[in-house]
Amino acid sequence: MYPYYDYRMQYRQNEKLVRDLQRAINGEYSAVQCYERLAILAKSAQEKKQIQEIRQDEARHLREFSQFYRQLTGRQPTPKLSEECPENYRRGLEFAFRDEQETVDFYLDIAEESQDPTIQRAFRRAAADEQQHAVWFLYYLTGQGRQS
């Protein structure tokens with residue numbers, strides 16, 4: 001009955017998805033930069049190794065989300081730092097823990113709002129990764145990862 005209405009609704013949903021993807025790309029790019037610094041500041045070889053693995057997950061998310069962005073817009077994303085990483089290791093862990101926790105909700109919202117099953121799966125998986133990262137940061141933040 002109103003064929004243009006469906007098109008406009010789809011266009012608005014895609015516009016929001018593109019904005020959310022840009023925000024996710026910026027967040028992942030910022031996390032990659034921050035976790036590189038945290039790995040250098042890590043208190044033990046095990047912490048350094050784990051933070052580097054988390055950084056690799058974030059780099060994978062960045063690649064996946066950038067691919068979705070390119071598919072939707074035909075343009076290459078231009079990642080920007082969304083927040084500066086604290087210089088102090090403990091404050092960096094606190095920052096990373098909070099950021100990972102907030103990101104879980106954001107990614108689950110994207111998955112729920114998306115109509116594309118591939119995007120839904122990718123963001124649900126990324127949300128699970130982010131939750132796991134938060135647990136690791138909390139573990140190191142509370143000193144549980146330190147050898148006695």
Side-chain angles (χ1 to χ4, degrees), residues 8-147:
R8 283 183 286 190
M9 180 63 83
Q10 184 65 36
Y11 182 77
R12 273 187 252 129
Q13 287 173 337
N14 280 346
E15 277 187 326
K16 181 175 182 338
L17 179 57
V18 168
R19 283 192 309 274
D20 286 345
L21 280 168
Q22 185 63 60
R23 180 176 160 200
I25 288 165
N26 290 344
E28 295 295 338
Y29 176 77
S30 297
V32 167
Q33 306 305 312
C34 184
Y35 301 167
E36 183 175 346
R37 180 182 298 164
L38 287 180
I40 291 168
L41 298 172
K43 304 297 183 189
S44 72
Q46 173 57 34
E47 285 180 63
K48 179 182 185 107
K49 181 178 181 249
Q50 187 60 52
I51 293 170
Q52 288 172 332
E53 287 180 18
I54 291 170
R55 184 179 179 277
Q56 289 173 354
D57 285 348
E58 303 295 9
R60 180 174 40 81
H61 299 159
L62 177 59
R63 286 189 304 273
E64 286 177 331
F65 301 164
S66 294
Q67 181 180 354
F68 294 142
Y69 184 91
R70 280 190 302 276
Q71 289 171 346
L72 283 169
T73 67
R75 297 185 316 268
Q76 186 71 20
T78 52
K80 297 179 179 120
L81 282 178
S82 52
E83 291 185 76
E84 286 294 323
C85 186
E87 297 283 335
N88 174 282
Y89 184 61
R90 180 169 178 76
R91 282 196 310 259
L93 289 175
E94 290 169 352
F95 171 82
F97 172 72
R98 278 191 313 276
D99 183 63
E100 296 286 332
Q101 284 291 89
E102 291 169 6
T103 301
V104 171
D105 290 335
F106 176 54
Y107 287 177
L108 289 174
D109 287 345
I110 293 172
E112 191 173 295
E113 293 168 4
S114 177
Q115 304 300 313
D116 184 318
T118 304
I119 291 174
Q120 289 173 340
R121 277 191 303 278
F123 274 93
R124 283 188 188 118
R125 173 56 202 218
D129 289 346
E130 302 297 315
Q131 186 64 58
Q132 185 179 30
H133 300 162
V135 170
W136 278 111
F137 287 126
L138 182 61
Y139 182 68
Y140 293 127
L141 189 58
T142 61
Q144 299 300 306
R146 305 269 178 343
Q147 304 282 327

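A quick note: this is a predicted structure, and the numbers were derived from the prediction, not measured.
- Listed by chain and residue number, Arg37 satisfy the salt bridge (charged side-chain N to carboxylate O under 4.0 Å, His left out) test with Glu87 (two or more places apart in sequence, or in another chain).
- Listed by first then second residue, pairs satisfying ring-ring contact (aromatic ring centres under 6.0 Å, His included) with a partner in residues 66-88 number zero, not counting sequence neighbours.
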Residues Ile110, Leu21; criterion side-chain contact (heavy atoms from CB on, under 4.5 Å); working and verdict:
CA-CA 9 Å; Ile110 293 172; Leu21 280 168; 5.9 Å; no

Please walk me through it: do Tyr107 and Phe65 pass ring pair (Phe, Tyr, Trp, His ring centres under 6.0 Å)?
CA-CA 11 Å; Tyr107 287 177; Phe65 301 164; 5.3 Å; yes

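- Proximity of the aromatic rings of Phe123 and Phe106 is defined here by a centroid distance below 6.0 angstrom, and this criterion is not met.
- Atom CD of Glu64 and atom CD of Glu28 lie 9.5 Å apart (nearest 0.5 Å).
- The ring of Tyr89 has its center no closer than 6.0 angstrom to the ring center of Tyr140.
- Residue pairs satisfying the disulfide bond (SG atoms under 2.5 Å apart) criterion with at least one member in residues 66-140, sequence neighbours excluded, are listed as follows: Cys34-Cys85.
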Table please: side-chain donor-acceptor pairs of residues 92-102 below 3.5 Å, with sequence neighbours left out.
{"residue": "Glu100", "atom": "OE1", "partner": "His133", "partner atom": "ND1", "Å": "3.2"}
{"residue": "Glu100", "atom": "OE2", "partner": "Tyr35", "partner atom": "OH", "Å": "2.4"}
{"residue": "Gln101", "atom": "OE1", "partner": "Gln131", "partner atom": "NE2", "Å": "2.8"}

Stepwise, does the side-chain contact (heavy atoms from CB on, under 4.5 Å) test hold for Asp20 with Lys16?
CA-CA 6 Å; Asp20 286 345; Lys16 181 175 182 338; 2.8 Å; yes

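- For Phe137 against Leu38, the heavy-atom pair with the smallest separation is CE2-CD1, 4.2 Å.
- In this structure, the side chain of Arg91 does not engage the main chain of Pro86 through any donor-acceptor pair within 3.5 Å.
- Side-chain contact between Glu112 and Gln120: absent, with no pair of heavy atoms (C-beta onward) separated by less than 4.5 Å.
- For residues 91-143, the set of pairs meeting the disulfide bond (SG atoms under 2.5 Å apart) definition, not counting sequence neighbours, is empty.
- Note that CG of Leu141 and CZ of Arg90 are 4.5 Å apart. Values are rounded to the nearest 0.5 Å.
- The closest donor-acceptor contact from the side chain of Ser30 to the backbone of Asn26 lies under 3.5 Å.
- For the pair Ile51 and Trp136, the minimum side-chain heavy-atom distance is 4.5 Å or more.
- By the salt bridge (charged side-chain N to carboxylate O under 4.0 Å, His left out) test, Asp129 pairs with Arg60, Arg125, sequence neighbours left out.
- Shortest non-hydrogen contact noted between Asn14 and Leu72 is OD1-CD2, 4.2 Å.
- In this structure, Ser114 contributes its side chain and Ala111 its backbone to no donor-acceptor pair below 3.5 Å.
- Nearest heavy-atom pair across Pro79 and Pro77 is CD-O, 3.4 Å.
- Other residues, nucleotides and ligands place more than 12 heavy atoms under 6.0 Å from the CZ atom of Arg124.
- Using a 4.5 Å cut-off on side-chain heavy atoms (C-beta onward), Glu36 and Arg55 make contact.
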